[in-house]
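Not measured: the values here are computed from a predicted model.
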Amino acid sequence: MSDLTTLLEVGGPVAAIGGGAAYARAKHPAAYWSTVGLPVSTVRLLSSYGSVMEACGLTVAPSRLRILAVKAMTQREVRPVPPRRGIIRPTTTGLRIRLRLAPGQEPADFAASAERLRHAWGVHAVYVTTVKPGVVDLRLVGYDVLRRVRMPRKAAHGPLKVPVALREDATPFVRDYRTIPHQLTLGATLSGKSMYLRHLVAGLAPQSVALVGIDCKRGVELAPFAPRLTALATHPEQAAELLPVLVNEMEDRYDLIKARQGITPGTPDEEITSDIWGLPDHERPVPIVLFVDEVAELFLVATKKDEERRDEMVTQLVRLAQLGRAAGIYLEVCGQRFGSELGKGATMLRAQLTGRVCHRVNDEASAKMALGDISPEAVQAACSIAPERPGLAVAGDTSGGWSRIRTPYLSLGDAAETCRESAHLVPDLPALKPFRPDVPVRPVETAAPGFLPRPVTD
């Protein structure tokens, strides 16, 4: 009886601790990782590093000098040598280890064994990145960081840089317009595409940039950001008038660059430029980011009469995508569906959009249109996105690299408030003034009947 009482006294707290750990792991994975997962995974890694590397085939034969030393000093069997391991660096989401490759190894060997390493060390995922020739970083992620997104505090900020989502390896996904000028973003209804666009507008609002929108859904997506928009077209007829103005603005900027290129034999190299970023600060025109929401509305026509207008708009979009980068004009093209059946110019426009972000789509053809020229695995990953995870997407570029990302939640009210606070940053572009959207005036709050406001006293 006394043994049973003692067992119950000991088992009660143990069960409570176990239940609390299970609850924390399910509801608060970051806290669970910092308190339990990190020390357990560190001990597991340190105790099994050599055997795991050998089981994964990531060891090499020892050098002759090592063989002679082992045989001379001990009678042990000479075992293969694992890669030299650096200091284990803990992070808020996992671990980082730097490895020096042995002769004959390559980073692809470790990438192929990432799934084995994940199971051996009990972590959520393992990612391999090359630091320099002969050195790789293993990034161990302790839990699913895309289930509840928390952006890192230290994210790359700067001109035309917006940390808009979190990658599956716990690093921020930064939309850098200087590196990838134009991008295609696809997503079905309730897939998170609007949230992604909302983050871009809110991130660019405090910067010195002109924001131009084409929203053929009567402006329901971009109209809340009207205080910060330089121009807004809410139906195809307005877009047909706005796009030629942007093309003329681009041509004027090329004339400015050409005038600056009056190269003489004594001109310093830093004064020779082929884009606006080489111009002096006082001469450089403000960059323009053009958001096109529901791009299919610009391609579709209802009557034969509209075909000419459609062809002109598509031609101007393609010209902006081909030539706009040097003039500081960048495109963010969004839509639910994008395919060659939209008509002439669709595939030509897509070819100029280097960046690709594909949320959940309703058909495989749209995923192939966005990611088919990047990787077949990226297409499969986009087609497997569940409706229960809005904001999850596959991001890549035409270089072939891709990763899963997820956008954190940002309310429309917060994004609109950011645009209102940045309304004074709207640049003065005379050509776009006719397209400046009307900014609604906030209603003045009045006191309820029967109640008079009291004056503030010391």
Practice item. Any chance you could lay out the salt bridge (Lys or Arg N to Asp or Glu O under 4.0 Å) test for K193 and D293, step after step, and finish with the verdict? Key: CA-CA 10 Å; K193 173 175 58 68; D293 192 46; 3.7 Å; yes

Review point. Is it true that R309 and E312 have a side-chain N and a carboxylate O under 4.0 angstrom from each other?
Key: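 No salt bridge links R309 with E312.
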
Review point. In terms of side-chain geometry, is the basic nitrogen of R284 or D281 positioned less than 4.0 Å from the acidic oxygen of its partner?
Key: yes

Determine yes or no for a side-chain-to-main-chain donor-acceptor pair under 3.5 angstrom, with [X] supplying the side chain and [Y] the backbone.
X    : Y    : value
D414 : L410 : no
R406 : L166 : no
H124 : R118 : no
R85  : L99  : no

Exercise for review: Check side-chain contact (heavy atoms from CB on, under 4.5 Å) between V245 and all other residues, then give those that pass, not counting sequence neighbours.
Suggested key: A431, L432, F435

Check your understanding: Among all residues two or more places apart in sequence or in another chain, which pass the side-chain contact (heavy atoms from CB on, under 4.5 Å) test with Q380?
Key -> none

Review point. Can you name the nearest heavy-atom pair linking G401 to I374, along with the distance?
Key: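 Nearest heavy atoms, G401 then I374: O-CG2, 4.0 Å.
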
Check your understanding: For N362, which residues count as a side-chain hydrogen bond (donor to acceptor under 3.5 Å, both in side chains) partner, sequence neighbours excluded?
Key -> none

Review point. Quick one: which of T230, V212, V201, L211 gives a side-chain contact (heavy atoms from CB on, under 4.5 Å) with V289?
Key: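 Looking at T230, V212, V201, L211, the match for V289 under the side-chain contact (heavy atoms from CB on, under 4.5 Å) is L211.
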
Exercise for review: Determine which pairs satisfy side chain to side chain donor-acceptor pair (under 3.5 Å) with at least one residue from residues 210-221, sequence neighbours left out, and list them in order.
Suggested key: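 Of all non-adjacent pairs touching residues 210-221, those that pass side chain to side chain donor-acceptor pair (under 3.5 Å) are S194-E221, K217-E221.
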
Check residues 105-112 and write down every donor-acceptor pair under 3.5 Å in which the side-chain atom is one partner and the other belongs to a residue at least two apart or another chain.
from, atom 1, to, atom 2, distance (Å)
Q105, OE1, A102, N, 3.0
Q105, NE2, L58, O, 2.6
D109, OD2, E106, N, 3.2

Review point. When the ring planes of H359 and Y196 are compared, do they come out parallel, tilted or perpendicular, using 30° and 60° as the limits?
Key: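 H359 and Y196: perpendicular rings.
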
Review point. Have R337 and S366 got a donor and an acceptor in their side chains that come within less than 3.5 Å?
Key: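 Yes, because at least one side-chain N or O of R337 sits under 3.5 Å from a partner of the opposite role on S366.
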
**Study point:** Listed once per pair and sorted, the salt bridge (charged side-chain N to carboxylate O under 4.0 Å, His left out) pairs that draw on residues 174-185, sequence neighbours left out
**Key:** R175-E332

